[in-house]
2 protein chains.
Amino acid sequence: MLKYQHIANELEKYIEEHALQQGEKLPSLDLLMTQFEVSKSTITKSLDLLEKKGIVFQVRGSGIFVRRHKRKGYISLLSNQGFKKNLEDFHITSEVIELDVRKPTKEAALNLNIELDNDVYYVKRVRYIHGLTLCLEESYFNKSIITYLNNEIISESIFNYISEGLGLNIGFADTFLHVNKLTEEEAKYLGLRKGDPKLYVESIFHLTNGQPFDFSKGTYNYEQSQFFVQTNSHFL
Amino acid sequence: MLKYQHIANELEKYIEEHALQQGEKLPSLDLLMTQFEVSKSTITKSLDLLEKKGIVFQVRGSGIFVRRHKRKGYISLLSNQGFKKNLEDFHITSEVIELDVRKPTKEAALNLNIELDNDVYYVKRVRYIHGLTLCLEESYFNKSIITYLNNEIISESIFNYISEGLGLNIGFADTFLHVNKLTEEEAKYLGLRKGDPKLYVESIFHLTNGQPFDFSKGTYNYEQSQFFVQTNSHFL
DNA sequence: CAGTGGTCTAGACCACTAT
DNA sequence: TAGTGGTCTAGACCACTGG
């Protein structure tokens with residue numbers, strides 16, 4: 001493991017275990033340098049990583065502080081992997097409705113950057129949070145990248161299988177959000193009524209080399225839809 | 001201006017002016033080093049910044065590539081500053097409904113981390129996008145930080161005034177999203193009907209030193225609500 | 001195996017904060 | 001003005017990609 005990643009993990013663990021709250025101060029750069037026996041740049045890199053993740057903020061001339069909001073029960077729009085990572089805190093389960101190999105729709109082909117006669121894995125699932133319907137999701141996986149899927153895999157964490165099982169490196173994702181009214185079919189799956197509000201989410205996931213491998217469309221139950229996003233300074 | 005910021009700006013401008021598309025390659029690190037006459041770390045820092053912003057992605061052993069999605073008309077949930085920055089592309093206007101100094105609600109006091117008897121500026125606005133109602137927004141500004149506001153300022157960009165006019169450094173924000181049904185009052189302001197879907201957004205903005213200065217609650221017109229978020233590798 | 005990006009170091013110097 | 005974080009350099013060495 002890389003030094004700066006290791007240090008970042010240690011610091012994150014430290015914050016977690018000591019239940020540090022927003023605004024609490026971490027040791028100074030100098031101290032961390034000597035404690036971890038690395039150069040200043042390496043510590044800086046660790047802290048930049050934690051800052052990107054929204055876990056700390058650094059104030060020149062003052063110190064390094066914990067960043068942590070107070071609200072519980074919100075799902076991060078960023079720490080995502082089809083949301084699995086923080087779903088461990090959330091008891092998420094899935095019911096698979098369809099799984100097969102087929103040709104992509106025009107829309108899927110466009111978003112996956114493939115031809116209409118290439119194969120994709122098509123997955124349709126209902127996902128539950130604490131036993132309540134969270135969303136109805138359709139996914140298209142580029143079969144020339146994701147070469148094999150089965151029922152067991154997609155009931156668990158697909159993204160974990162992609163990294164560990166297939167040895168692929170997941171890079172980045174683009175996510176598009178709309179608010180709209182439920183259709184009759186969607187309402188049925190979610191246990192709501194036609195015309196009720198929905199959050200509609202499309203995501204395109206890419207490997208580190210930029211190739212899109214997953215195009216997903218999800219319709220979220222508005223009653224369970226509490227999301228949050230952390231924004232950093234360079235955006236403001 | 002810092003070197004790495006300057007270089008990042010130049011590269012961003014270059015990508016913009018040459019209308020480079022997703023996947024197009026930028027010059028190698030070595031080339032950039034010699035062109036800009038800086039050390040490798042400085043170039044790396046520039047590129048890391050652009051990567052954070054979702055403008056490029058780097059592939060070890062291969063090169064530096066432009067990252068850019070294809071969809072138009074989406075508002076970034078991150079490049080926000082109350083959304084002003086990318087609103088320049090969007091012709092946003094505001095109508096001020098209320099502006100006064102008052103005591104905060106419990107909710108506002110909690111989120112701004114102040115006492116109930118401290119003063120806040122209260123601002124209520126309807127915001128329009130291309131002349132259509134985008135959202136109804138209520139904001140609470142900590143008056144001990146934002147010492148003065150008037151109608152002219154809040155019709156323009158509040159955040160610009162805070163940085164330029166007041167010389168304050170805006171640091172980071174936490175944003176919480178819900179989907180729900182419009183109340184009668186909200187529907188009236190947005191020109192929709194009671195019970196229609198809404199996106200409800202709460203944001204807490206902080207200075208670089210971690211002090212919250214603005215708590216805002218916005219109700220978005222679902223017909224104009226198209227948002228996107230870019231996720232980077234360290235989250236996946 | 002050549003080219004390209006990533007990690008890490010040691011150290012100089014700068015900019016801001018708190019007291 | 002002491003303490004603390006931020007920028008920048010020059011260079012060594014590592015890890016991955018692609019022909």
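By convention in this document, chain letters (A, B, ...) are assigned in the order of the sequence lines, proteins followed by strands, and residues within each chain are numbered from 1.
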Please determine, for the side chain of Ser41(A), which listed nucleotide (dT9(C), dT9(D), dC8(D)) has the closest atom? dT9(C)
Residue pair Leu26(A)/Lys3(B) against DNA chain D: nearer the 5' end by closest nucleotide is Leu26(A)
Closest-nucleotide 5' rank along DNA chain D - winner of Asp48(A) and Glu37(B): Asp48(A)
Determine the interplanar angle of the Tyr74(A) and Phe228(A) rings, folded into 0 to 90°, and report it as parallel if under 30°, tilted if 30 to 60°, perpendicular if over 60°. perpendicular
Quick check on side-chain hydrogen bond (donor to acceptor under 3.5 Å, both in side chains): which of Lys70(A), His69(A), Arg71(A) does Asn111(B) satisfy it with? Arg71(A)
Short side-chain N/O contact to dT17(D) OP1/OP2 from Ser62(B), under 4.0 Å: no
Taking CD from Gln5(A) and P from dA15(D), how many angstroms apart are they, rounded to a whole number? 13 Å
Of the candidates dA15(C), dC16(D), dT7(D), the side chain of Arg60(B) sits closest to dC16(D)
Is the ring centre of Phe159(B) less than 6.0 Å from the ring centre of Phe205(B)? yes
With the side chain defined as heavy atoms from C-beta on, Lys40(A) is closest, among dT7(C), dA10(C), dG5(D), to dG5(D)
Quick one: Phe36(A) CZ to dT7(C) P, roughly how many Å, whole number? 18 Å
Measure up the His206(B) and Phe172(B) rings against each other and bin them: parallel (under 30°), tilted (30 to 60°), perpendicular (over 60°). parallel
Given atom CD of Glu51(A) and atom P of dG5(D), what is their separation to the nearest angstrom? 12 Å
Here's a test of your reading of the structure: between Asp30(B) and Val38(A), which maps to the more 5' nucleotide of DNA chain C? Asp30(B)
Could you state the CG-C1' distance from Leu207(B) to dC16(C), rounded to the nearest angstrom? 15 Å
Which of the following nucleotides, dC8(C), dC14(D), dG6(D), is nearest to the side chain of Tyr4(A)? dC8(C)
Integer-rounded Å distance: dT7(C) P and Ile43(B) CD1: 16 Å
Whole Å only: how far is the CZ atom of Phe65(A) from the C1' atom of dG5(D)? 11 Å
Spacing between Asn169(B) atom CG and dC16(C) atom P, to the nearest angstrom: 9 Å
Nearest to the side chain of Gln58(B) - dG6(C), dA10(C), dT9(D)? dG6(C)
In whole angstroms, how far is the P atom of dG3(D) from the CD1 atom of Ile64(A)? 16 Å
Pairs where residues 104-117 of chain A contributes a residue and the test salt bridge (charged side-chain N to carboxylate O under 4.0 Å, His left out) is met, not counting sequence neighbours: Glu107(A)-Lys217(A)
Residue Ser28(B), side-chain atoms from C-beta onward, closest of dT7(D), dG5(C), dG6(D): dG5(C)
With heavy atoms under 4.0 Å as the rule, sort Leu47(A) into base, sugar-phosphate or nothing. nothing
